[in-house]
Amino acid sequence: MLDIALLRRDPERVRESARRRGQDSAFVDRVLELDETRRRALTALEALKAEKNALTASIARAADRGAAARELRPQIAALDARIEEAASAPPVIDAQIAAILGDVPNVLDPSVPPGAGSDDNVVLRSWGEPRAFDFVPKPHWELGETLGIIDFERAAKLSGSRFSILKGAGVRLQRAIAGFFLDRAAHNGYTELGVPYLVSRTTMWSTGQLSKFADAMFSDPSVEMFMIPTAEVPLTAYHKDEILTAALLPLQYCSHTACFRKEAGAAGKDTRGLIRQHQFEKVELVWLTPAERSLDDLDRLTAHAEGLLQELGLPYRTMLLCSADVGFNSAKTFDLEVWLPSDGGGYREISSCSSCTDFQARRSNIRFRRDAKAKPEFVHTLNGSGLAVGRTLLAVLENYQRADGGIDLPAALVPFAGFDVIAADGSAVRS
RNA sequence: GGAGAGGUGGCAGAGUGGUCGAAUGCACUCGCUUGGAAAGCGAGCAUACCGCAAGGUAUCGGGAGUUCGAAUCUCCCCCUCUCCGCCA
């Protein structure tokens, strides 16, 4: 949520950000108008309340309270009527402002390049050479089915489309990937949390997933619980309603969770394979940090995610998302796209690293004090995948496939997997 | 699911109808003291909103009510804890 003070102080900055996102900026004037009305109504109401409080206090001070109360009752009753009338407006206006502001995306960082869509994202850097194959590389779903380590058919039988069942070496490899990510996260200073996969409506709202994205999430309305679309939600909201001390910052958390998404808007896209599933695993990295460190720490977080791809020897490129492609919560986002050799080759998103500035912290009410006497300030929240586990699995399968259909594991995964080859018959082999 | 207890400032914990935004302790900040430190002493120390300011308004889990007046009384809801039941 934006600070309404920012709209008062610098409305043009908010308008410009909205325009750069390709969105209507008319809400700025609407909110400012409501705000003006609200303040006038509030001042009037508070004056009446002050008047009443003064009368009440005089009763408390009177020698004979009963007599004083009887004497002042008509005056107070008259004030009560005016107060009741004056009190009706502010909450209504507050709700109107909150409803508008709650659906306004974060203000973009100045360094975000202009653009109209994902084609305008900027390639910042590339790492690694895509491997030259002396055979036609297969897509991972073919590899997985041939090896007998991914079973889409039976998953569809159990749950429908966009589900998969990993088996044997496949699920062991997935577990190794997650273990590798968590191990590196620990080395990079992240504290691992085992978090709930179901969270309340309030929590979802406080990290910006609601109310705009309710359609994208699985939920149980009977208990008002939502299945997390990413561990960003519980990790970011972990310190909800807390006032932290500056010495604690920056805080770094990571978690390996399943994630659940309806993918309602992606009908017909990526219908084959592991790319787009209703349920997938991810290791998420989250920072809480002071404003002045926000962008530097975003670079650190991104470097941590990139380091994983480098250790795995997976070629990737780092994209700076353009103004139209930056998500609702984010002020600035880097996407990491991993090289997939199948289908002629191409880059696919495997991590998205964002600074949400104080946008989520304001919704979550997460603050800190610079020193004992300082006023609490909102922290900045950063998040990024480190990395998407399912997509890493398919990237490993495709990039490390052999002509015979077997897979050579990248060296970094071997200690976590306990094997270094998936043989052509699907068996895990330690050579 | 049943029964009970409880939710007060950064923390602990008083407060059961008025002068209570809230005792006290801890933590923290500043000062005195000291060669320095500890102890001791003194002062300060919740949040949000409105206002140039003085100041005002609201907030004791959330909401509604009683009352001239509610942290305190009533009702509803939420959460936590304990015991019982059930269960991976």
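Proteins come first, then strands; the chains are lettered A, B, ... in the order of their sequence lines, and each starts at number 1.
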Inter-nucleotide [atom1] distance ([N], [M]), Å rounded:
N     : M     : atom1 : answer
B:G63 : B:A70 : C1'   : 15 Å
B:C26 : B:U33 : P     : 23 Å
B:A71 : B:A58 : P     : 10 Å
B:C73 : B:G15 : C1'   : 15 Å
B:C45 : B:U29 : P     : 16 Å
B:G7  : B:A14 : C1'   : 15 Å
B:G21 : B:C49 : C1'   : 16 Å
B:C81 : B:G65 : C1'   : 29 Å

*Classify the angle between the aromatic ring planes of A:F260 and A:Y197 as parallel (below 30°), tilted (30 to 60°) or perpendicular (above 60°).*
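The arrangement is tilted - the two ring planes meet at 30° to 60°.
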_Mutual orientation of the aromatic rings belonging to A:H239 and A:Y253 [parallel < 30°, tilted 30-60°, perpendicular > 60°]_ =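 A:H239 and A:Y253: tilted rings.
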*For RNA chain B, what is the dot-bracket line, given that a base pair needs Watson-Crick (N1 to N3, plus N6-O4 or O6-N4) or G-U wobble (N1-O2 and O6-N3) geometry with both distances under 3.5 Å, and | means paired with another strand?*
((((((((.[[[..)..(.....]]].(((((.......))))).(((((....))))).[[[[[..)....]]]]])))))))....
*Nucleic acid footprint by protein, nucleotides 46-63 of chain B - heavy-atom cut-off 4.0 Å, B for base, S for sugar-phosphate alone*: SSSSSS----BBS-----
List, one per line, each side-chain donor-acceptor pair under 3.5 Å for residues 68-94 of chain A, sequence neighbours excluded.
residue : atom : partner : partner atom : Å
A:D80   : OD1  : A:K52   : NZ           : 2.7
A:S88   : OG   : A:E85   : O            : 2.9
A:D94   : OD1  : A:R38   : NH1          : 3.3

*asked:* Does this structure show an ion pair linking A:E263 with A:R162, if we count only N-O contacts that are shorter than 4.0 Å?
replied: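 A:R162 and A:E263: not salt-bridged.
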Using every non-hydrogen atom in the two residues, find where [X] and [Y] come nearest and quote the distance to one decimal.
X      : Y      : result
A:Q252 : A:N188 : NE2-O, 3.0 Å
A:L244 : A:I366 : CD1-CG2, 4.0 Å
A:T381 : A:T236 : CG2-CG2, 3.8 Å

Output the rounded distance in Å from [atom1] ([X]) to [atom2] ([N]).
X      : N     : atom1 : atom2 : value
A:R370 : B:C28 : CZ    : C1'   : 18 Å
A:I76  : B:U67 : CD1   : C1'   : 11 Å
A:R65  : B:A70 : CZ    : P     : 14 Å

*Is there side-chain contact between A:L158 and A:F163, with heavy atoms separated by less than 4.5 Å?*
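No - every pair of side-chain heavy atoms lies 4.5 Å or more apart.
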*Report yes if at least one side-chain N or O of A:K52 is closer than 4.0 Å to OP1 or OP2 of B:G69; otherwise report no.*
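Yes.
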*asked:* Using a 4.0 Å heavy-atom cut-off, does A:R73 contact any base of the nucleic acid, only the sugar-phosphate backbone, or nothing at all?
replied: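 Sugar-phosphate contact only - A:R73 comes under 4.0 Å of backbone atoms but never of a base.
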*asked:* Under 3.5 Å, is there a donor on one side chain and an acceptor on the other for A:N365 and A:D241?
replied: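 Judged by distance alone, the side chains do pair up.
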